[in-house]
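Note that the structure is a prediction, hence the values are computed from the model and not measured. Side chains included, hydrogens not; waters and symmetry mates left out as well; all remaining heavy atoms used. Residue numbering restarts at 1 for every chain, and letters A, B, ... go by the order of the sequence lines.
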2 protein chains.
Amino acid sequence: MIRIGILGYGNLGRGVECAVKNASDMELAAVFTRRDPAAVKSRTAGVPVVSADDAEKWKDRIDVLILCGGSATDLPVLTPKFAKLFDVIDSFDTHARIPDHFAAVDAAAKATGHLAMISVGWDPGLFSLNRVYAQSILENGRDYTFWGKGVSQGHSDAVRRIEGVKNAKQYTCPVESALEAVRNGENPELTTRQKHTREVFVVAEPGADLARIEREIKTMPNYFADYDTFVHFVDEEEFAKNHSGLAHGGFVIRAGKTGWENENSHVIEYSLKLDSNPEFTTCVLIAYARALTRMKKEGRTGCATVLDVPPAYLSAMSGEELRAHCL
Amino acid sequence: MIRIGILGYGNLGRGVECAVKNASDMELAAVFTRRDPAAVKSRTAGVPVVSADDAEKWKDRIDVLILCGGSATDLPVLTPKFAKLFDVIDSFDTHARIPDHFAAVDAAAKATGHLAMISVGWDPGLFSLNRVYAQSILENGRDYTFWGKGVSQGHSDAVRRIEGVKNAKQYTCPVESALEAVRNGENPELTTRQKHTREVFVVAEPGADLARIEREIKTMPNYFADYDTFVHFVDEEEFAKNHSGLAHGGFVIRAGKTGWENENSHVIEYSLKLDSNPEFTTCVLIAYARALTRMKKEGRTGCATVLDVPPAYLSAMSGEELRAHCL
């Protein structure tokens with residue numbers, strides 16, 4: 001059995017717990033928290049909740065520690081720190097800072113003989129895999145990533161910070177005509193506005209100036225100004241009923257040409273439609289935790305990403321079974 | 001530069017030649033043929049056509065030999081034979097015989113310190129990868145593979161063997177309603193008939209009994225009897241105009257559940273839409289030939305499949321570039 005530890009018990013941590021429960025070759029050993037452990041209760045019977053400060057005592061009782069923190073401030077500190085004590089895996093998702101994060105984690109893990117895996121999830125993660133496979137195979141082509149329809153936590157948070165907003169949820173939606181043009185192999189040049197729209201559902205405080213709120217949303221730099229944004233005001237009841245989920249998804253599409261005169265077109269498309277973004281992300285983390293234990297057994301240390309992992313290592317099946325049933 | 005050799009100069013061999021021309025880190029070293037070399041002319045200037053019997057003389061001048069033969073009788077002999085002389089790669093696609101082929105190639109390659117890769121293409125190949133990734137991640141689910149719309153060579157050949165048939169082409173088509181049910185996460189039980197239909201375009205000999213031909217097609221065991229089959233008789237002009245391509249494609253879809261009570265649904269879908277089945281297959285072969293040279297440098301010998309290859313090895317980019325631009 002692969003002994004899993006969870007650090008951080010929010011949406012992602014609880015998702016990992018759920019995914020471990022469904023994996024036949026894994027067991028949850030402990031939940032580590034930076035809060036008061038007495039205030040946190042794990043859902044899995046018999047699993048202790050331990051202060052993150054005491055994690056070192058567990059270093060021989062955990063095979064993979066899954067770091068369930070945020071990418072903005074938590075993981076840049078936590079992943080290098082815990083990679084000195086454990087084999088770790090995280091879902092760091094700030095694309096632009098991946099090279100720095102990789103370097104810090106690689107140094108920490110190599111120095112202590114541990115193996116770490118970063119940016120495991122669906123984007124970065126499965127979408128990255130599909131970009132690399134498609135680019136490597138259809139060299140003469142172009143790929144596009146579309147997100148949605150799905151909830152963006154960052155954009156929802158930004159709207160909630162506007163005065164007079166009581167609650168808000170933001171959906172990112174791919175523009176259907178852009179998707180179609182890409183699928184048709186037209187290789188269009190697409191601006192930010194042409195790829196995605198943003199749809200916002202807002203519960204306003206009583207008496208708030210709705211026109212001002214809408215204007216502040218639509219003109220917010222970086223978050224909304226470059227998009228066609230649609231704002232809907234709803235009451236709390238409707239918000240709770242229709243906008244409490246964390247659905248997401250998206251598409252990676254590459255169209256390219258082959259042939260002596262580039263006469264043949266090909267389209268590779270990968271898509272995800274997810275009811276729960278955090279739960280799906282944790283399923284990816286769990287599969288890569290299994291892979292990590294196999295790479296560790298081969299003597300690998302330092303930092304790796306999904307791009308370094310042979311697909312067979314994700315499966316609980318043997319190479320022989322995979323060749324007979326899946327190849 | 002990776003020096004590529006081609007054995008067999010049919011559709012697949014010519015596709016490899018084309019793909020090598022477009023790859024910046026590869027060059028075509030030689031074309032090997034079992035026919036009279038004087039009767040074969042390569043399209044690439046300066047590339048010699050050599051008798052397959054003289055291949056051994058080239059063993060230090062080829063990095064990867066790509067075996068472009070058929071799976072029925074050619075590859076079971078050729079791949080083990082040439083794996084004793086070269087690092088080789090093939091697109092063996094008889095799913096049920098993969099374990100035997102693997103064992104034979106593995107023994108031949110290991111005995112002589114070579115590395116071989118078998119069953120590289122899109123199914124087996126990219127579709128296999130997607131089955132393994134999706135099964136490993138969404139453990140509680142079910143996956144489906146649909147093929148088409150596309151040309152099946154084997155079925156077209158079978159129709160051409162019927163008396164009175166001058167030419168024929170068979171298209172395999174996924175049943176749209178079945179695709180939709182799978183995409184909706186209904187996890188339907190589907191019979192062979194419910195998944196695909198078969199569409200056949202026939203040029204009959206003058207005076208042939210069309211009713212008999214249609215009946216013989218529709219009742220042919222294994223090939224057509226278990227399917228809803230639609231037969232169209234066309235003249236040679238229409239056949240040449242509309243049915244001379246080798247388009248293909250298909251879908252791998254897995255739907256599954258997560259959550260403490262399995263309350264959330266997720267759908268992973270991968271699809272290909274290909275103008276030319278052999279040309280796309282050769283693009284996959286070329287990318288894996290690159291990966292093979294990297295695995296060989298690590299000291300790996302014996303037989304591998306796409307499931308054993310880290311995705312980063314397919315790309316001409318370095319790990320650092322991939323992390324910065326694709327992850």
What is the distance from atom [atom1] of [X] to atom [atom2] of [Y], rounded to the nearest 0.5 Å?
X	Y	atom1	atom2	value
B:Leu272	A:Ile137	CG	CD1	9.0 Å
A:Leu322	B:Ser136	CG	OG	7.0 Å
A:His325	B:Ile98	NE2	CD1	12.0 Å
A:Asp275	B:Thr258	CG	OG1	7.5 Å
B:Phe102	A:Leu327	CZ	CG	9.5 Å
B:Ser276	A:Glu263	OG	CD	8.5 Å

With a 4.0 Å cut-off, would you call B:Arg300 and A:Glu298 a salt bridge?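 So B:Arg300 does not pair with A:Glu298 through a salt bridge.
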
Selection from B:Asn140, B:Val284, B:Leu314, B:Thr282 maximising heavy-atom pairs under 4.5 Å formed with chain A: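 Most pairs with chain A among the choices: B:Leu314.
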
Chain A contacts, top residue of B:Cys283, B:Ser271, B:Ala96 (heavy-atom pairs, under 4.5 Å):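 The candidate making the most pairs under 4.5 Å is B:Ser271.
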
Would you call the rings of A:Tyr133 and B:Tyr133 parallel, tilted or perpendicular if under 30° counts as parallel and over 60° as perpendicular?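 Rings of A:Tyr133 and B:Tyr133: perpendicular, over 60°.
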
Which heavy atom of [X] sits nearest a heavy atom of [Y], and at what distance?
X	Y	result
A:Lys273	B:Arg183	NZ-O, 3.8 Å
A:Val132	B:Ser315	CG1-CB, 4.4 Å
A:Gly259	B:Cys18	C-SG, 3.2 Å
A:Ala312	B:Asp308	CB-OD1, 4.3 Å
A:Trp260	B:Glu17	CZ3-CG, 4.0 Å

Between [X] and chain B, with a heavy-atom cut-off of 4.5 Å, which part of the residue counts as in contact: side chain, backbone, both or neither?
X	result
A:Asp143	neither
A:Val309	backbone
A:Ser265	both
A:Arg131	side chain
A:Arg43	both
A:Ile253	neither
A:Ala255	neither
A:Tyr288	side chain
A:Leu285	neither
A:Glu269	both

Region of [X] that comes under 4.5 Å of a non-hydrogen atom in chain A:
X	value
B:Gln135	side chain
B:Val252	neither
B:Ala23	both

Would you say CD of A:Glu320 has more than 12 non-hydrogen atoms from neighbouring residues, nucleotides or ligands within 6.0 angstrom?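 For A:Glu320, atom CD is not crowded (no more than 12 foreign heavy atoms under 6.0 Å).
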
Most heavy-atom pairs under 4.5 angstrom with chain B, which of A:Lys21, A:Glu139, A:Arg14?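 The answer is A:Lys21.
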
Which one of A:Ile286, A:Leu129, A:Asn130 has the most heavy-atom pairs closer than 4.5 Å to chain B?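 Option with the greatest count: A:Leu129.
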
Checking side chain to side chain contact (heavy atoms under 4.5 Å, CB included) for the pair A:Phe280/B:Ile268: CA distance, chi angles, key distance, verdict? CA-CA 11 Å; A:Phe280 185 79; B:Ile268 303 174; 3.9 Å; yes

Donor-acceptor pair between B:Glu279 and A:Asn264 side chains, under 3.5 angstrom: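 Distance-only check passes for B:Glu279 and A:Asn264.
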
